[in-house]
Amino acid sequence: GAGVSQSPSNKVTEKGKDVELRCDPISGHTALYWYRQSLGQGLEFLIYFQGNSAPDKSGLPSDRFSAERTGGSVSTLTIQRTQQEDSAVYLCASSSVSGNTIYFGEGSWLTVV
Amino acid sequence: DQQVKQNSPSLSVQEGRISILNCDYTNSMFDYFLWYKKYPAEGPTFLISISSIKDKNEDGRFTVFLNKSAKHLSLHIVPSQPGDSAVYFCAASTEGSNYKLTFGKGTLLTVNP
């Protein structure tokens, strides 16, 4: 597809389980971002990848969160030992260069019960 | 501590009238500001932006005004249309970290026919 693709679109998991969220950026985009939006909150920056540079992980809320970007394209956000406060929409975005217009995917809705 | 604030969670206007969405920020290092629009179950889409060297940017029915001394920006939509009904997010970034957007909590705009 032409846009940023995320999967799964919805995920319900039990507290303590690990989850993986996948993002397929727009083809050719070198910059990839993860944000999350908790209920009633604005979007919160999590992590940023740009080409082969070291990612900016400064927004990850705890060491239970990690992300990879393989081959400069697809990215996976992993949350280990999920907690209820992790429930949120996780949004992936990409852009052709850093700081250029960012295109968001539809998000992965995560519910931890 | 919220660095970008949208104090009105919702706004309702009549079709054809002006919609004014407001945003305040506290970080004087912010030098680039954006507005995103979000429909339910979709990712945010970029609407319009403004650099701190300007005080106004216009794109069709949308105009963003920036008052640096007041640390305030606003989005004007004229004339408002029912299709403009969505959540509008204000976002800001700093030079050197222009990939890291700080978002407000959003304002739900409803345009009534």
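More than 12 heavy-atom neighbours from other residues, nucleotides or ligands sit within 6.0 angstrom of OH on A/Y90. The number of heavy atoms from other shown groups lying within 6.0 Å of NZ (B/K5) does not exceed 12. The number of heavy atoms from other shown groups lying within 6.0 Å of CD (A/E68) does not exceed 12. The number of heavy-atom neighbours closer than 6.0 Å to CZ of B/R61, taken from other residues, nucleotides and ligands shown, is above 12. Around atom CD of A/E14, no more than 12 heavy atoms belonging to other residues, nucleotides or ligands sit under 6.0 Å away.
From B/Y99, atom OH reaches atom CD1 of A/I47 across 10.5 Å, with rounding to the nearest 0.5 Å.
No donor-acceptor distance shorter than 3.5 angstrom exists from the side chain of A/Y35 to the backbone of B/F103, with no hydrogens or angles considered.
Looking at A/Q6, neither its backbone nor its side chain comes within 4.5 Å of chain B, counting heavy atoms on both sides. Of the two parts of A/S58, only the side chain, counted from C-beta on, holds a non-hydrogen atom closer than 4.5 Å to a non-hydrogen atom of chain B. With a threshold of 4.5 angstrom between heavy atoms, A/L91 approaches chain B through side-chain atoms but not through N, CA, C or O.
Of all heavy-atom pairs between B/L101 and A/F45, the closest is O-CB, 4.1 Å. The shortest heavy-atom contact between A/G40 and B/K105 is O-CD, 3.4 Å.
Using bins of under 30°, 30° to 60° and over 60° for the plane-to-plane angle, the ring pair B/Y36/A/F104 lands in the perpendicular bin.
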